[in-house]
Amino acid sequence: MSASGVLSFTQQGWEQVLAKVKRAVVYLDAACAESLHWGCGSTRLLEAVGGPDCHLREFEPDAIGGGAKQPKAVFVLSCLLKGRTVEILRDIICRSHFQYCVVVTTVSHAVHLTANHVPAAAAAEMEGQQLVFEQLEEKLCEWMGNMNYTAEVFHVPLLLAPVAPHFALTPAFASLFPLLPQDVHLLNSARPDKRKLGSLGDVDSTALTPELLLQIRCLVSGLSSLCEHLGVREECFAVGSLSRVIAADLANYAPAKNRKKTAAGRASVVFVDRTLDLTGAVGHHGDNLVEKIISALPQLPGHTNDVMVNMIALTALHAEEENYNVVAPGCLSQSNDTTAKALWEALLNTKHKEAVMEVRRHLVEAASRENLPIKMSMGRVTPGQLMSYIQLFKNNLKALMNHCGLLQLGLATAQTLKHPQTAKWDNFLAFERLLLQSIGESAMSVVLNQLLPMIKPVTQRTNEDYSPEELLILLIYIYSVTGELTVDKDLCEAEEKVKKALAQVFCEESELSPLLQKITDWDSSINLTFHKSKIAVDELFTSLRDIAGARSLLKQFKSVYVPGNHTHQASYKPLLKQVVEEIFHPERPDSVDIEHMSSGLTDLLKTGFSMFMKVSRPHPSDYPLLILFVVGGVTVSEVKMIKDLVASLKPGTQVIVLSTRLLKPLNIPELLFATDRLHPDLGF
């Protein structure tokens, strides 16, 4: 059992898929493609397919079918085999010439039974049977046009995209985000005949929408498979309302009952709601190069956790925008390149300054090994200096191929260092530090009034000024770090001024960004009236008030703000840091905010007996492995902080950090204002 288990778990899953793909047309959906991308790379899949042609295709309604000389297809899908997904399958197969179809789903058969409303007792009796998959196999043969053709449907838990040995993401659940107080009203309106929920503290599995509950069950099924691979029986803990539902579902997941009885190892799985601390997600205090890279460079199409690296500099093309799509982009994941992978892990675990020096060192060493005419230079690393090293490889195909992964990371670094967003990073950081001091010395109304002059229409903005999206990031920072608000006349007046200024700015934008379109529910600023814009901004501020009150139900972790005194400036103390410190507190107190989720009658009896006699309840520091799952996304800096903190507080304890996605500041407003939080699209 080791932290690198996240990589072996993913690779083992993909080996089962690769065993089926020889000379097949392979259809992947985005989440499975991302798992492959980080787990073993598309090269590994192409090698397994064999043959001179590339037969990888995106699973979508308009996907090209298989030709007369393509009798075999493999579909690798991250969703339930139901509804729209099955219709797309049928349409692709019907317009093809397949005689052999394999469908791999990352969702277990047990969850398919749940999705088909099979009662738990009946599902338990069907353990070991694969009726849903067998029925689909018959359908596949029917669609291929001959019941004697071959069809296979089976489950492989391709849950993770392993970013590092101790850190992995769950691409299929990138949109999963904890609930806000306003969601309680929506849940209540959907259950008029049931007891009304008073707050997020009352939310349990019975209160959630069927779609969200099914999404959670899909995640739980994958996490159970991970625990099986690691050989552990898990004790589940939670901080936050949605985390409590997920942890309870994992603790009581019926198909895992036998696995838990025979597991040799033990582990703590602690779920934490992202919404309890959005300061860390939108803040710029993380001194990490990778965070800056993913904030500055454009997202890799179809991915949630990787970026596009412009590779034009290694070609003879001119570096002009019309040429950018001529050359395939580079990326950060280098799963098949040992040297590049080692550099990537170093970038994740070092501060910005050390990271850029490490990039330079790797480039110099690679150039030296290839006998390229390198000119050594010491001192500060500049983007121009890195580019001069990278361009040495330009006309040497052998050297280029030998160090392709390293060159992609080098280009990503150089492009980020000279990106305008990186210069702005320091401006954000300075303003955030100023805000921290102001929050301690002034009322919230004064802090908002400080922000007011920065809200400028597009005609008055320079590159140094904040865009509407960046202003939203600052507002989220202010409300999250401040916490529970005292609502008075001054606050209401200050908020109203900011609202009016923002509403006017939205109206005057030359073009509404996708985020502003989502917030205003309007495609173009031309027809966006001030009245409509103001209604949208009022709703936005309802969300900001929700963010401020997100920790109101907590007792220990009520604040992430540390006031200043005569020796120290005011500072931000991440909630994740507080949680890890509490877990490994030397006196092992029973934490009121880190709730243990009982797994059936035995645990309930223990809890009952503990009222009368000394029976110790499970504690998250009891076991040699801690799995910390942040629901709603995590930053690179937070992952490093958790890893370092566990190593210092309890050496020898292994830690795996899991999360739904890798975060950059702009992701948070996108997730907050998503309209499908309670009704996720499950593909059917």
Side-chain angles (χ1 to χ4, degrees), residues 173 175-217 219-220 237-249 271-279 281 472 475-476 479-480 482-487 491-492 495 499 518-519 521 535-560 575 592-595 597 629-633 660 668-682:
F173 303 92
S175 64
L176 182 63
F177 200 68
L179 307 181
L180 292 169
Q182 61 191 283
D183 295 319
V184 173
H185 305 302
L186 296 171
L187 291 172
N188 278 332
S189 63
R191 37 183 278 154
D193 304 328
K194 296 182 181 175
R195 183 180 65 84
K196 296 294 180 198
L197 305 168
S199 70
L200 284 176
D202 298 331
V203 171
D204 60 14
S205 59
T206 63
L208 299 183
T209 62
E211 304 98 309
L212 182 54
L213 206 52
L214 202 48
Q215 186 183 34
I216 288 169
R217 179 57 59 89
L219 173 61
V220 161
F237 302 85
V239 185
S241 56
L242 192 66
S243 284
R244 197 168 57 243
V245 176
I246 299 169
D249 203 38
F271 295 89
V272 182
D273 279 4
R274 173 79 266 175
T275 41
L276 297 173
D277 177 12
L278 293 179
T279 313
L472 291 181
L475 282 165
I476 291 167
Y479 277 79
S480 180
T482 303
E484 280 189 90
L485 297 168
T486 304
V487 179
L491 175 62
C492 293
E495 281 186 336
K499 285 179 190 178
K518 193 184 286 184
I519 290 169
D521 198 21
I535 290 170
V537 173
D538 285 340
E539 288 177 9
L540 189 154
F541 268 76
T542 301
S543 295
L544 290 173
R545 290 268 187 102
D546 278 357
I547 289 163
R551 294 183 295 275
S552 61
L553 295 172
L554 300 180
K555 294 178 177 66
Q556 278 175 290
F557 309 135
K558 233 174 174 48
S559 177
V560 294
L575 181 114
V592 288
D593 287 338
I594 306 174
E595 295 181 64
M597 296 296 140
F629 193 114
V630 187
V631 181
T660 45
I668 291 299
E670 290 168 351
L671 288 162
L672 273 173
F673 305 117
T675 52
D676 57 355
R677 190 161 55 238
L678 291 174
H679 300 277
D681 182 2
L682 301 178

Do [X] and [Y] have side-chain heavy atoms sitting under 4.5 Å apart?
| X | Y | answer |
| --- | --- | --- |
| Asp273 | Val239 | no |
| Val487 | Cys492 | yes |
| Thr206 | Lys194 | no |
| Tyr479 | Leu278 | no |
| Val592 | Leu554 | no |
| Pro680 | Leu176 | no |

What closest approach, in Å, do [X] and [Y] show between heavy atoms, and which atom pair accounts for it?
| X | Y | answer |
| --- | --- | --- |
| Arg191 | Arg195 | NH2-O, 2.7 Å |
| Gly632 | Pro178 | CA-CD, 4.1 Å |
| Gly201 | Arg244 | O-NH2, 3.1 Å |
| Lys518 | Glu670 | NZ-O, 3.6 Å |
| Ile668 | Arg274 | CD1-CG, 4.5 Å |
| Leu213 | Ser205 | CD2-O, 3.5 Å |

Original post:
Pairs in or reaching into residues 198-212: which pass salt bridge (charged side-chain N to carboxylate O under 4.0 Å, His left out), with residues at least two apart or in two chains?
Top reply: none
Taking the side chain from [X] and the backbone from [Y], do they hold a donor-acceptor pair closer than 3.5 Å?
| X | Y | answer |
| --- | --- | --- |
| Ser552 | Gly549 | yes |
| Arg677 | Leu672 | yes |
| Arg551 | Ser480 | yes |
| Asp546 | Gln182 | yes |
| Asp676 | Asp681 | no |
| Thr209 | Leu678 | yes |
| Ser189 | Leu186 | yes |

Subject >> side chain to side chain contact (heavy atoms under 4.5 Å, CB included) assessment of Leu276 paired with Phe557 >> reply: CA-CA 9 Å; Leu276 297 173; Phe557 309 135; over 6 Å; no
**OP:** For atom NZ of Lys196, decide whether the heavy atoms of other residues, nucleotides or ligands shown that lie under 6.0 angstrom number more than 12.
**Re:**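 More than 12 heavy atoms, drawn from other residues, nucleotides or ligands, come within 6.0 Å of this atom.
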Atom [atom1] of [X] and atom [atom2] of [Y]: how far apart are they, to the nearest 0.5 Å?
| X | Y | atom1 | atom2 | answer |
| --- | --- | --- | --- | --- |
| Ile547 | Thr279 | CD1 | OG1 | 9.5 Å |
| Leu212 | Asp183 | CG | CG | 9.5 Å |
| Leu475 | Ser543 | CG | OG | 11.5 Å |
| Asp538 | Lys499 | CG | NZ | 4.5 Å |
| Phe237 | Met597 | CZ | CE | 9.5 Å |

**OP:** Determine, stepwise, if the pair Asp277 / Val272 fulfils side chain to side chain contact (heavy atoms under 4.5 Å, CB included).
**Re:** CA-CA 10 Å; Asp277 177 12; Val272 182; over 6 Å; no
**OP:** Give me the one residue out of Val631, Leu179, Leu208 that meets side chain to side chain contact (heavy atoms under 4.5 Å, CB included) with Val245.
**Re:**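 Going through the options one by one, the only one that passes is Leu208.
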Subject >> Residues that Phe629 engages under ring pair (Phe, Tyr, Trp, His ring centres under 6.0 Å), provided they are two or more places apart >> reply: Phe271
Subject >> Ionic contact status for Glu484 with Lys558, cut-off 4.0 Å >> reply: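 Yes, Lys558 and Glu484 are salt-bridged.
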